[in-house]
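Please read these numbers as outputs of a predicted model, since none were measured by experiment. A, B, ... follow the sequence lines: proteins, then strands. Residue 1 opens every chain.
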Number of protein chains: 2
Amino acid sequence: MKYSTRTRYGLRLLVYLGARYKGKFLKLNTIAESEKISIKYLEQIVRLLKPTGIISVARGAHGGYKLAVDPAEINLKQIFTILEGNIDPIECLQESFDCKKKVLCSTIEVWQGLQTVIDDYLEKNKLKDVVDNYKSKHSINMFYI
Amino acid sequence: MKYSTRTRYGLRLLVYLGARYKGKFLKLNTIAESEKISIKYLEQIVRLLKPTGIISVARGAHGGYKLAVDPAEINLKQIFTILEGNIDPIECLQESFDCKKKVLCSTIEVWQGLQTVIDDYLEKNKLKDVVDNYKSKHSINMFYI
DNA sequence: ATTATATCATAGTGAAATAATATGATAAAG
DNA sequence: CTTTATCATATTATTTCACTATGATATAAT
Ligand code: FES
Ligand code: FES
């Protein structure tokens, strides 16, 4: 049970953008270098985020990305759901998945319970919380961006 | 983020054995059929469990497996750790993994927090709780085993 | 207009993990 | 000494992961 690098990178990207919220558009190349992530891979991640409206884009020269919404208004569950695709710990929990054993299954409640504590945690934590942490750790540089 | 079938099957196996705790040795074939799991795959899972002492084994004819410890004394974290190998949501949390970015990383706390809520949940839930659920759902048959 | 810059989009690839399956050895009961 | 059931390794098919490659498209600056 591991979260994908897609989610880990995506979260780091959003924290990076969140720390520079209301600033200029930032090009991916800079972010990729700064976060030590393959730019081509980041492009794919960013394309996953775009349709949800969480980031806004400027194409062409001097283009780039910025966060489109207030970090205080986004929680981690929303982010994880976009990046991880679906955060159910097992397939049986998905509505679309019709497990024949569901009626007599005694373990489904275990997974439901697990999903609940994970969901609660992710909903409780806003992007802003992580951004604040980022800012405090990178405080020296934040004025020079 | 999905838990492996190894963990799901293994849990179902242990619940099955737990519901028959203090009974005879049960052969894998019966369990595999009843739980609709490939017997050869179950053999591998069972071999994962054996060295931990959670189950006891009788070889040869009329052999099989039974739970070696009281279901009330085992929690799900112990089970998951055996089956899943390591239940950290990302590598950076493992002590053996020396992530160069840890010092300035602002997302590590997110993962640590997530790990904590998962661990807490799994520790709080005993195998007995799942077994009780199993028994109540299968109550009709429990007297004829 | 043209060029430089940066995003957009799809396809492909190598490695690893997953979920089995196959084959045969070993141990114990009857 | 045969049947039964576990023990152990090896092999395989499928899928997922984490990129990588190639080229198209859009826009700012010259
Ligand atoms: S195995 Fe699908 S609901 Fe339990
Ligand atoms: S990326 Fe490893 S600690 Fe954050």
Side-chain angles (χ1 to χ4, degrees), chain A residues 1-13 17 24-68 83-92 97, chain B residues 1-13 17 24-52 54-68 80 83-92 97:
Chain A
M1 204 287 288
K2 290 275 175 289
Y3 283 88
S4 62
T5 60
R6 197 171 64 246
T7 298
R8 291 185 286 121
Y9 292 176
L11 179 60
R12 274 159 59 194
L13 170 74
L17 293 179
K24 296 175 194 168
F25 285 98
L26 302 164
K27 64 178 179 177
L28 262 196
N29 217 326
T30 317
I31 305 174
E33 258 173 50
S34 161
E35 292 289 327
K36 308 259 184 291
I37 300 171
S38 144
I39 179 154
K40 279 296 174 191
Y41 195 37
L42 252 192
E43 278 186 4
Q44 289 178 42
I45 293 171
V46 123
R47 207 162 312 119
L48 220 60
L49 296 168
K50 207 190 115 190
T52 69
I54 196 177
I55 49 174
S56 53
V57 183
R59 293 190 62 173
H62 291 101
Y65 302 93
K66 64 166 122 178
L67 203 66
L83 293 167
E84 198 70 15
N86 160 298
I87 55 174
D88 301 337
I90 64 162
E91 272 196 325
C92 298
F97 189 81
Chain B
M1 207 287 290
K2 290 274 176 288
Y3 284 87
S4 61
T5 62
R6 198 173 61 247
T7 298
R8 290 186 284 120
Y9 291 175
L11 179 60
R12 273 158 60 195
L13 169 74
L17 294 178
K24 297 175 195 168
F25 284 98
L26 302 164
K27 64 176 179 179
L28 220 43
N29 214 326
T30 318
I31 305 174
E33 258 175 48
S34 162
E35 292 289 328
K36 306 256 185 295
I37 300 171
S38 147
I39 176 154
K40 279 297 175 192
Y41 195 36
L42 252 193
E43 278 186 3
Q44 291 179 45
I45 292 171
V46 123
R47 207 160 312 121
L48 221 58
L49 296 168
K50 210 190 111 188
T52 68
I54 196 176
I55 51 175
S56 52
V57 184
R59 294 190 63 172
H62 292 100
Y65 302 92
K66 65 165 122 178
L67 203 66
F80 273 52
L83 293 166
E84 197 71 17
N86 161 297
I87 56 173
D88 301 337
I90 63 162
E91 273 195 325
C92 298
F97 188 82

Between the protein and nucleotides 11-18 of chain C, are there any N/O to N/O pairs under 3.5 Å, and if so, what are the atom names and distances?
none

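Between A/K40 and A/Q44, every side-chain heavy-atom pair lies at or beyond the 4.5 Å cut-off. For the pair B/I31/B/I37, no side-chain contact is recorded, criterion being any heavy-atom separation below 4.5 Å from C-beta on. Taking 4.5 Å as the limit, every side-chain heavy atom of A/V57 sits out of range of all side-chain heavy atoms of A/V46. When side chains are defined from C-beta on, B/L13 does not count as touching B/E35, because their heavy atoms never get closer than 4.5 Å.
Side chain of B/R8 to backbone of A/I90: no donor-acceptor contact under 3.5 angstrom is found.
The stretch residues 54-65 of chain B participates, sequence neighbours left out, in no side chain to side chain donor-acceptor pair (under 3.5 Å) pair at all.
Spacing between atom CD1 of A/I90 and atom C1' of C/dA19 amounts to 16 Å, rounded to whole angstrom units. The distance between atom NZ of A/K24 and atom P of C/dA6, rounded to the nearest whole Å, is 13 Å. The interatomic distance linking B/I39 (CD1) with C/dT21 (C1') rounds to 13 Å, in whole Å. Straight-line distance from the CD1 atom of B/I31 to the C1' atom of D/dT6: 12 Å, rounded to whole Å. Atom NZ in A/K2 sits roughly 24 Å away from atom P in D/dT15 (whole-Å rounding). The separation between B/L42 atom CG and D/dC7 atom P is 13 Å, rounded to whole Å.
Considering only side-chain N and O atoms, A/S38 lies nowhere under 4.0 angstrom from the phosphate OP1 or OP2 of D/dA18. At the phosphate of C/dC8, OP1 or OP2 sits under 4.0 Å from a side-chain N or O atom of A/Y65. Taking only side-chain nitrogens and oxygens, B/K50 comes nearer than 4.0 Å to OP1 or OP2 of D/dC7.
Rounding to the nearest 0.5 Å gives a distance of 5.0 Å between CG of B/L28 and CD1 of B/I39. The distance from the CZ atom of A/R47 to the CG atom of A/L42 is 11.0 Å, given to the nearest 0.5 Å.
If you check every strand for non-hydrogen atoms under 4.0 Å, A/Y9 touches sugar and phosphate atoms only. Looking at heavy-atom distances under 4.0 Å, B/F25 makes no contact with the nucleic acid at all.
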Quiz prompt | Steps toward side-chain contact (heavy atoms from CB on, under 4.5 Å) verdict (A/R6, A/L48) | solution = CA-CA 10 Å; A/R6 197 171 64 246; A/L48 220 60; 3.8 Å; yes
Quiz item: How does protein reach along nucleotides 23-30 of chain D, written 5' to 3' as B (base within reach of a heavy atom under 4.0 Å), S (only sugar-phosphate), or - (no contact)?
Solution: B-BBBSS-
